[in-house]
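Reading through the structure tokens given below for one structure.
All figures in this text were calculated on a predicted structure; none of them were measured in a lab.
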Amino acid sequence: MPNVTKRDRLRELGALNARPEAVRAPWFRESTFFDPLDLVQVKYEMLRHAQEDGVNKADAAALFGLSRPTYYQAEAAFEREGIAGLLPRTRGPKSAHKLTDEVMQLIEQNQHAGTPLQARSLAELLHSTLGISVHPRSIERSIARKKKR
């Protein structure tokens, strides 16, 4: 396994600060403990600086190279979940939430054995029968997952 650097790991986790040069807080330049590449640390220090040092929120955000909306989002996430709230999250649905067991049964009933998958026509069928809109590629992926099991 090649040497994985902290920068590589932060990138994998989605916690790499895209603009580390924008962090102007002096302690990030003067100490090796503070890392402007670590977005979670940058956000935490921004919140701490505003709360503990009495700096207004807009100035704190600017000092750490972040926007005011980012400050407020980080503040709400931190109040809700603590430091874990500052960790990046993937956006969007986490699974094929439209393709329930009922929907998959309908797909299986209308899929003919030995013939190529007609995902586009199955998507149209789902829309006309159940009123749900599913992308044909989602149907293909779901059937492939089912075959793997």
Discussion item. Within the supplied structure, the quantity of interest is the number of heavy atoms (other residues, nucleotides, ligands) at a distance under 6.0 Å from Arg145 CZ; does it exceed 12?
Written reply: yes
Worksheet item: Run the side-chain contact (heavy atoms from CB on, under 4.5 Å) check on Phe78 and Arg48 step by step: do they pass?
Response: CA-CA 11 Å; Phe78 186 75; Arg48 189 205 57 75; over 6 Å; no
Fill in: Heavy-atom neighbours of Arg141 CZ exceed 12 at 6.0 Å
yes
Discussion item. For the CZ atom of Arg68 and the CG atom of Asp59, what is their distance to the nearest 0.5 Å?
Written reply: 10.5 Å
Fill in: 4.5 Å side-chain heavy-atom contact, Arg120 and Ile139
no
Discussion item. Does atom CG (Asp101) have a neighbourhood of more than 12 heavy atoms from anything else shown, all under 6.0 Å?
Written reply: no
Worksheet, complete the sentence: Of all heavy-atom pairs linking Ala77 and Gly85, the shortest is CB-O, 3.3 Å
Discussion item. Are the side chains of Arg29 and Arg24 in contact, using a 4.5 Å heavy-atom criterion?
Written reply: yes
Worksheet entry | Neighbour count >12 (heavy atoms, 6.0 Å) for atom CD, Glu81 | yes
Worksheet entry | Over all atoms of both residues, closest heavy-atom pair of Ala60 and Ala50 | CB-CB, 3.9 Å
Item to complete: Any chance you could measure Leu122, atom CG, to Ile143, atom CD1, to the nearest 0.5 Å?
Response: 6.0 Å
Item to complete: Output, in order, the C-alpha distance, side-chain angles, deciding distance and verdict of side-chain contact (heavy atoms from CB on, under 4.5 Å) for Phe34 and Val42.
Response: CA-CA 8 Å; Phe34 295 104; Val42 170; over 6 Å; no
Worksheet entry | Nearest-0.5 Å distance, CD of residue Gln73 to CG of residue Leu86 | 11.5 Å
Worksheet item: side-chain contact (heavy atoms from CB on, under 4.5 Å) between Asn17 and Gln41: does it pass, once the steps are laid out?
Response: CA-CA 10 Å; Asn17 187 359; Gln41 186 179 48; over 6 Å; no
Worksheet item: Does any N or O in the side chain of Asn56 come within less than 3.5 Å of the main-chain N or O of Ala58, such that one atom is a donor and the other an acceptor?
Response: yes
Worksheet item: Do Glu45 and Val23 have side-chain heavy atoms sitting under 4.5 Å apart?
Response: no
Fill in: Contact summary for Ala15 and Pro88, nearest pair of heavy atoms
N-CG, 4.0 Å
Practice prompt. Could you state whether Val55 and Trp27 fall into the same hydrophobic cluster, counting links through intermediate Ile, Leu, Val, Met, Phe, Trp or Tyr residues with side-chain heavy atoms under 4.5 angstrom apart?
Written response: no
Worksheet item: So do the side chains of Lys6 and Leu37 get within less than 4.5 Å of each other, counting heavy atoms only?
Response: no
Worksheet item: Shortest non-hydrogen contact from Asn3 to Asp8?
Response: O-OD2, 4.2 Å
Worksheet item: Should Leu10 and Ile83 be counted in the same cluster of Ile, Leu, Val, Met, Phe, Trp and Tyr side chains packed under 4.5 Å apart?
Response: no
Worksheet item: When rounded to the nearest 0.5 angstrom, what distance separates CG in Leu125 from CG in Leu130?
Response: 7.5 Å
Discussion item. Side chains of Arg9 and Arg11, heavy atoms from C-beta outward: is any pair under 4.5 Å?
Written reply: no
Item to complete: State, with a plain yes or no, whether a side-chain heavy atom of Leu13 is found less than 4.5 Å away from one of Val40.
Response: no
Practice prompt. Decide yes or no for Lys43 and Leu66: does some side-chain heavy atom of the first lie under 4.5 Å from some side-chain heavy atom of the second?
Written response: yes
Discussion item. Pair Met46, Leu63 - check side-chain contact (heavy atoms from CB on, under 4.5 Å), show working.
Written reply: CA-CA 8 Å; Met46 172 185 66; Leu63 183 64; over 6 Å; no
Worksheet entry | Straight-line distance of Gln105 CD to Asn110 CG, nearest 0.5 Å | 12.0 Å
Worksheet entry | Leu47 with Leu87, same ILVMFWY side-chain cluster at under 4.5 Å | yes
Worksheet item: Around Glu102, counting heavy atoms of other residues, nucleotides and ligands shown, do more than 12 lie under 6.0 Å from its CD?
Response: no
Worksheet item: Hey, does Ser138 have a side-chain heavy atom less than 4.5 Å from the side chain of Lys98?
Response: no
Item to complete: Please confirm whether Phe64 and Phe28 have ring centers closer than 6.0 angstrom.
Response: yes
Fill in: Atom pair CZ (Arg137) and OG (Ser142), whose distance is rounded to the nearest 0.5 Å
11.0 Å
